[in-house]
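Computed from a prediction, not measured in an experiment: that's the story for all the values here.
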Amino acid sequence: MTEPAVATSIATQLIHHPYQPPAGFAAPQPGVFKASTVIFPNVAAMRARNWKEKAGYTYGLHGTPTTFTLEERIATLEGGLHTVLVPSGLAAIALTDIALLRAGDEVLIPDNAYNPNKELARHELAGWGITHRFYDPMDANALAASVTPQTKLVWIEPPGSVTMEFPDVPNLVRAARSKGALVALDNTWGAGLAFNPFKLEGEGDDALGVDVSAHALTKYPSGGGDVLMGSATTRDAALHLKLNAAHMRMGWGVGANDAEVVLRALPSLPLRYDAADRAGRALAQWWAQRPEVEQVLHPALAGSPGHEHWQTLCTKAAGLFSIVFDARYSARQVDAFVDALKLFRIGFSWAGPVSLVVPYDLSMMRKQPTWRGALVRFSLGLEAIDDLIADSEQALAALGR
Ligand SMILES: *Cc1c(COP(=O)(O)O)cnc(C)c1O
């Protein structure tokens, strides 16, 4: 389908897109093309192949009509121009690090980042002579004061993993840029819908935005809990070439069937995101009234850390929040509560149809744990919200046991 001039909202653009079906087959749904080998018509064409800019097809690992279509869709979703697909969200983080960092460089990661991002820095990056520091994402001035000319990359993650603090994203970007560092943002929570990572402030060429947006397509874009995939998106052609080259040297291709599943799920992404948002806020507000709970950590709720920054940047939120139980409940009692939940299942990841829950021990995760009580993270699936509230209420009986 060709892109109509009236496709101004993301919801419409995810349905009316520039994909061209094979001649004579006018179906709007993209085809699934599979190949390792791509045949060249002659030796001259083989020698002239341009895999670096993906101008044409050269090898299955470097892209197929199916993966090129999904790359275009994700770039559109996130307000970028170029996207590279990788086999997981974590691989998108790793690809960004590998493409942009060299021995002697430093990367700064928020203290509340998705933990495998920090683990990669502690282990593989450290082994390659790339140093790291973890910074307080709620203090942009401290970040500005601590970046050095060796700081080549700064990660931003709105909101923080598990503890859900929403940072002042524009001021973190300015702080990182003050010494010339590139900025990569983990956009999994926002999913391209809560805010535009390339247009945080201002319009047009002067808009303030990040350099790279990494996204775990595993979460909302897939929406099914059945695919692992990630993407790295940029508006800068030179940066994209670096990401592309590292992608090909690492050999991180994605399968056509997985790309198809994400393509099929994208048109319903805005509906699913909004449904999860509504359910997340309803359940978070229910918990905020409960005497067992010390704090509800949901960026759209007043009183949650960084709520004012969320309000400046977003109107939507993912269906994801955490609660901190009153310190009078032991970790064992909170585990019993989690075990007593019936609809909320215990498991990592989020944004699939099944609501999930995970208890976390903050003392293992943060330099300075902020809360004393046990923390439980909820991820809203697509069940009826009244059932999820009833499930939460019935499981509370297990707290007192
Ligand atoms: C899940 C997640 C990732 C990693 O995605 P995978 O596809 O599971 O590797 C990265 N960042 C954030 C914020 C996530 O929630």
Side-chain angles (χ1 to χ4, degrees), residues 1-34 53-57 63-85 187-200 203-205 207 209 213-224 226-227 229-237 240 254-278 314-319 351-353 382:
M1 275 198 283
T2 49
E3 205 171 342
V6 291
T8 49
S9 87
I10 288 286
T12 308
Q13 287 180 56
L14 287 175
I15 295 162
H16 295 269
H17 52 75
Y19 166 74
Q20 293 291 340
F25 181 68
Q29 315 312 341
V32 184
F33 297 92
K34 302 181 183 185
E53 280 157 39
K54 295 196 182 179
Y57 304 104
T64 65
T66 308
T67 59
F68 281 8
T69 300
L70 182 54
E71 287 175 349
E72 183 281 323
R73 305 282 64 225
I74 299 299
T76 299
L77 170 66
E78 298 206 50
L81 293 175
H82 318 277
T83 293
V84 179
L85 297 176
N187 199 23
T188 306
W189 177 92
L193 298 172
F195 62 93
N196 181 337
F198 298 101
K199 212 185 276 179
L200 299 163
E203 290 292 327
D205 291 344
S213 172
H215 192 165
L217 306 182
T218 306
K219 307 284 170 53
Y220 284 111
S222 138
D226 51 0
V227 173
M229 199 179 294
S231 60
T233 298
T234 176
R235 293 187 66 84
D236 183 291
H240 175 62
V254 304
N257 291 101
D258 286 346
E260 177 204 12
V261 170
V262 179
L263 279 168
R264 193 170 193 282
L266 280 180
S268 63
L269 168 68
L271 293 176
R272 290 184 282 104
Y273 194 87
D274 287 353
D277 184 2
R278 272 195 308 278
C314 314
T315 51
K316 296 170 188 276
L382 296 173

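For the pair R272 (side chain) and L382 (backbone), a donor-acceptor distance under 3.5 Å is absent. Listed for the T188 side chain is a donor-acceptor partner under 3.5 Å among the backbone atoms of A216. Not one N or O on the side chain of T83 forms a donor-acceptor pair closer than 3.5 Å with the backbone of I74. A donor-acceptor pair is defined here as one N or O able to donate and one able to accept, closer than 3.5 Å; no such pair exists between the side chain of Y220 and the backbone of Y273. Of the possible donor and acceptor atoms, one in the side chain of T69 sits under 3.5 Å from a partner among the backbone N and O of P65. Checked by atom type and distance alone, the side chain of S213 never pairs as donor or acceptor with a backbone atom of P197 at under 3.5 Å. T67 contributes no side-chain N or O that, together with a main-chain N or O of G63, makes up a donor-acceptor pair within less than 3.5 Å. D277 contributes no side-chain N or O that, together with a main-chain N or O of K316, makes up a donor-acceptor pair within less than 3.5 Å.
Side-chain polar atoms of E78 and N196 form no donor-acceptor pair below 3.5 angstrom. Under the 3.5 Å distance criterion, with hydrogens and angles disregarded, no donor-acceptor pair is assigned to the side chains of Q13 and S9.
Here T66 contributes atom OG1 and E71 contributes atom CD; the two are 11.0 Å apart, rounded to the nearest 0.5 Å. Taking CG of L266 as the start and CG of L77 as the end, the distance is 7.0 Å to the nearest 0.5 Å. To the nearest 0.5 Å, atom OG of residue S231 and atom CG of residue L70 are 8.0 Å apart. L193 CG to D274 CG: the interatomic distance, rounded to the nearest 0.5 Å, is 7.5 Å. The CE atom of M229 lies 8.0 Å from the OG1 atom of T218; values are rounded to the nearest 0.5 Å.
When every heavy atom of I15 is checked against every heavy atom of P267, the shortest pair comes out as CG1-CB, 3.8 Å. C314 approaches F195 most closely through the heavy-atom pair SG-CD2, 3.9 Å. Among all heavy-atom pairs drawn from A11 and P270, the shortest one is CA-CG, 3.8 Å. Nearest heavy-atom pair, R235 versus G79, reported as atom, atom and distance to 0.1 Å: NH1-O, 2.7 Å. For A194 against W189, the heavy-atom pair with the smallest separation is CB-CZ3, 3.7 Å. Nearest heavy atom pair, residue P21 against residue A26, reads CG-CA, 4.0 Å.
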Review point. When you look at S222 and L217, which way does the side-chain contact (heavy atoms from CB on, under 4.5 Å) test go after all the steps?
Key: CA-CA 6 Å; S222 138; L217 306 182; 5.7 Å; no
Would you check, one step at a time, whether the test side-chain contact (heavy atoms from CB on, under 4.5 Å) holds for D236 with H82? CA-CA 8 Å; D236 183 291; H82 318 277; over 6 Å; no
Residue pair H240, V84: steps toward the side-chain contact (heavy atoms from CB on, under 4.5 Å) verdict: CA-CA 8 Å; H240 175 62; V84 179; 3.6 Å; yes
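With a 4.5 Å cut-off on side-chain heavy atoms, H215 and T233 do not count as touching. Within the 4.5 Å cutoff, the side chain of Y19 has no heavy atoms near those of the L263 side chain.
Comment: E260 does not engage R264 in a salt bridge, judged by the lack of any side-chain N to carboxylate O separation of less than 4.0 angstrom.
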